[in-house]
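Notes follow the structure.
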Amino acid sequence: MKISVTFMGTIARDLLGDHDPANQVIDLPDGATLKDLFTYLRIPECREYAAIVEKKVGKPEDPLSDGMAVTFFQTVYGG
Amino acid sequence: MEIIRVDMSKKEIKTGQMPPEYEEWGGRGLTSLMIHDEVNPACDPLGPENKLIIAPGFLSGTGFVNTSRVSIGAKSPLTGGIKESNAGGTAGALLGRMGIGCMVIEGSSKDDSLHLLKISNTGGCELIPADEYKGMRTYRLVESLHETYGKKNTILCIGPAGEFQLSSASIQATDMDGRPCRAAGRGGMGAVMGSKGIKAVIIEQGGKSKAEFADPEAFKTAGKTYANITKEHPFTGKMLPALGTAGLVGPVNSLGAFPTRNATQGTMAGWEEISGESLAKMISQRKGNPTHLGCSQCIVRCSNEFLDSEGQYVTSSLEYETIWAMGGMTGITDLDVIANLDFLSDDIGLDTMNTGVAIGVAMDAGQAEFGDSQAALEMMEEIAAGSEWGRALGNGPDQVGKHLNHHRVPTVKGQSIAAYDPRGMQGNAVTYATSTMGADHTTGNLVGLYLGGVLDPLGTEGQVEASRNAQMMMAMVDWTGLCLLASAPVNTPDGKTAFIDAVNAKAGTKYTFEDLMAKSIQILKAERAFNRSAGLSKKDDRLPDFFYKEPLPPHNKVVLLSGEDMDRVFDS
Ligand code: SF4
């Protein structure tokens, strides 16, 4: 299945190295979860990084489905 | 530590040693405890009985990173309760280095004359007649004061809004480049300063007292550890230096909690144009500085310098809350316009948040279309001109709501909410409602817990407890003078230990984290006691009705926490 991902903040610069920092489409096997996407992108699965799907912070066990859009943010603590 | 008392009724200044009961305090701890002890809660906030207290944080002036905050407190003309608003820039660190624990400005002029309060680097203080500066906006004022009294001096000042004693009037503080662009914006502290007849406080550079540390070596070690964690932390070491606080536009909007067009929507069409990513790109393309040193001792550099398309300076620093208030709430998606509105706020001496929300309420009530940049700029000039309409705007959203008979006014205790809609972040509803300061995100923002997946922003579970903990934590941060943005490392185990070690090494204490929390409770209790005596009650710890009645798209939620939930924050 194809997942469209967007990286905000400095995630692309800081963590992705060999990935194209622009928005991109990632191919994952059926049944993949958000945790698999974190692993594939080598983004640490911790409080400091959030994956937002349909206006909500996703949980690692959330299943992904074809055509889903996931946006990655750094956790922010206030402005 | 020294205490400076300035009696504006007698034009008398007295200096002395800080009373022992206040020695272990600084920042908000000191301002709030002293206001509680010395100010009649029933007094007129703009009368002679009120006191304006200016206090650097407990760690300000030391080598500990990011501790240059200066707290300014008084009874607020906006909320009718106690207020502490803190500013960055250079004042906190300088006062701390000079060994000045606080300045207490009391009484008021019998006429409408203005004065400067000058603190020399040898510790001498004087009042200087300043009627020639009447009506002057802050940028011109600071330029002129720098010419007369020395280029490098730190200045805290008011603009026309403070002289008019408007409830949204700020006290502007000079930044590292000597520009009056940092602000103690909230709660009308500028109006209190105006009521005292003080146009500016000038603090001469170069003053130094012997630093007092119980254990200098332990202090150094703790400071080094905290600095290293701050540099490595993804928020303070990476995101903030690159995008500044504007980096919050994306995540908060993506959670559907970005109050838009006077809080009628939770996401903004065109948010990408005002995002931190766009701002940083625009600043870099125009050869401005997206990673600007705004405050002394700062290793984070969340500040920026915004230039226009010709490369001319417009403002510093364009921050998330301002982008939201002047952009999100008004429907304006042009960063150049928002930067101009920010500059005008600093120059006139206004809280960008209360003023942006006032403009948003006016637009919602039909005074102008949402997104009408010209109308927003004209409203700012109305405030500066002191017209009747301008005074309503400058007194904040409640006044605008009353003036236009409009019901949708997003305030608590008269102060506007911040850039997190309480329907999209239920715990922030609790903080807005119950904070001693009115709707104030800096007293207990839970956005980090929501993005970190620790708490569901749309549920009710755990919100009261999380808000209570955050309010205690922020009271602690605020009395030490640590910049709120650089306090994220305190959430890490090593960062927390280093922070506590630094406080202990300075004070000669053996406090645990729980002890520090107990000190925070002492501050909150004093603030709440003052508010109760000032006439604020449980019914003031409530959000406006529309947050309970009008669901916010896209989640279509209302605030789910009841009045009883709000009362649980401080009743247990
Ligand atoms: S992080 Fe920003 S607000 Fe805090 S001290 Fe640094 S420049 Fe000032």
Side-chain angles (χ1 to χ4, degrees), chain A residues 3-24 26 32-65 67-79, chain B residues 233-257 266-267 275-277 280 302 319-324 418-420 424 441-442 444-458 470 474 484-488 491-492 554-555:
Chain A
I3 307 294
S4 132
V5 292
T6 307
F7 306 108
M8 303 297 284
T10 58
I11 294 181
R13 187 193 73 187
D14 298 336
L15 296 176
L16 300 181
D18 50 355
H19 286 278
D20 180 352
N23 302 352
Q24 53 181 287
I26 293 188
T33 62
L34 205 49
K35 185 182 175 68
D36 298 321
L37 186 59
F38 269 94
T39 309
Y40 176 84
L41 292 167
R42 296 199 293 274
I43 296 175
E45 201 195 300
C46 66
R47 268 184 74 161
E48 303 307 333
Y49 299 97
I52 298 187
V53 187
E54 285 162 10
K55 308 277 178 227
K56 288 186 176 164
V57 175
K59 296 190 191 70
E61 65 274 17
D62 286 349
L64 297 172
S65 57
M68 222 175 212
V70 181
T71 309
F72 285 93
F73 290 98
Q74 279 136 313
T75 293
V76 289
Y77 291 86
Chain B
H233 196 284
F235 179 57
T236 50
K238 296 189 165 60
M239 209 282 278
L240 282 176
L243 306 186
T245 55
L248 274 95
V249 173
V252 178
N253 189 77
S254 296
L255 286 176
T267 50
S275 68
E277 288 79 0
C302 81
E319 306 272 359
Y320 171 59
E321 304 293 341
T322 301
I323 291 172
W324 158 73
Y420 318 83
H441 65 298
T442 67
N445 194 349
L446 304 187
V447 63
L449 294 184
Y450 299 136
L451 282 160
V454 179
L455 204 59
D456 174 7
L458 301 172
M474 284 306 113
L484 151 78
L485 298 168
S487 70
N491 294 318
T492 67
H555 294 297

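In what follows, every heavy atom counts, from backbone to side chain, and hydrogens, waters and symmetry copies are set aside. In the text below, chain A, chain B and the rest are named by the order of the sequence lines, each starting its count at 1.
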Given that the side chain runs from C-beta out, which part of [X] has a heavy atom under 4.5 Å from chain A: side chain, backbone, both or neither?
{"X": "Val454(B)", "result": "side chain"}
{"X": "Asp456(B)", "result": "neither"}
{"X": "Leu484(B)", "result": "side chain"}
{"X": "Glu277(B)", "result": "side chain"}
{"X": "Thr236(B)", "result": "neither"}
{"X": "Leu458(B)", "result": "side chain"}
{"X": "Tyr450(B)", "result": "backbone"}

For the interface with chain B, which of Gln74(A), Arg47(A), Lys55(A), Lys56(A) has the highest count of heavy-atom pairs at distances below 4.5 Å?
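Heavy-atom pairs under 4.5 Å are most numerous for Lys55(A).
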Max heavy-atom pair count under 4.5 Å with chain B, selected residue of Gly9(A), Ala50(A), Gly79(A)
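Option with the top pair count is Gly79(A).
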Hey, which of [options] has the most heavy atom pairs under 4.5 Å with chain A?
{"options": "Ser254(B), Pro234(B), Gly247(B)", "value": "Ser254(B)"}
{"options": "Thr442(B), Leu451(B), Thr245(B)", "value": "Leu451(B)"}
{"options": "Ala419(B), Gly250(B), Pro251(B), Ala488(B)", "value": "Pro251(B)"}

Greater than 12 external heavy atoms within 6.0 Å of Glu45(A)'s CD:
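Enclosed: over 12 neighbouring heavy atoms sit under 6.0 Å from CD of Glu45(A).
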Non-hydrogen atoms of Ile11(A) and Tyr49(A) that approach each other most closely:
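Nearest pair, atom of Ile11(A) first, then Tyr49(A): CD1-CD2, 4.0 Å.
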Where is the tightest heavy-atom contact between Gly78(A) and Leu248(B), given as atom of each residue plus distance?
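Shortest heavy-atom contact: O-CD1, 3.6 Å.
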Evaluate the side chain to side chain contact (heavy atoms under 4.5 Å, CB included) criterion for residues Val70(A) and Ile26(A): first the C-alpha distance (whole Å), next the side-chain angles of each, then the deciding distance (0.1 Å), finally the verdict.
CA-CA 10 Å; Val70(A) 181; Ile26(A) 293 188; over 6 Å; no
Please check if any side-chain donor atom of Asp36(A) sits under 3.5 Å from a side-chain acceptor atom of Thr39(A), or the reverse.
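No pair is found: no donor N or O on one side chain lies under 3.5 Å from an acceptor on the other.
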Are a donor atom and an acceptor atom from the side chains of Asn445(B) and Tyr77(A) found within less than 3.5 Å of each other?
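No, because no side-chain N or O of Asn445(B) sits under 3.5 Å from a partner of the opposite role on Tyr77(A).
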Tyr420(B)/His441(B) under side chain to side chain contact (heavy atoms under 4.5 Å, CB included): CA gap, chis, key distance, verdict
CA-CA 8 Å; Tyr420(B) 318 83; His441(B) 65 298; 3.8 Å; yes
N/O donor-acceptor pair under 3.5 Å between His233(B) side chain and Lys238(B) backbone:
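Between the backbone of Lys238(B) and the side chain of His233(B) there is no qualifying donor-acceptor contact (under 3.5 Å).
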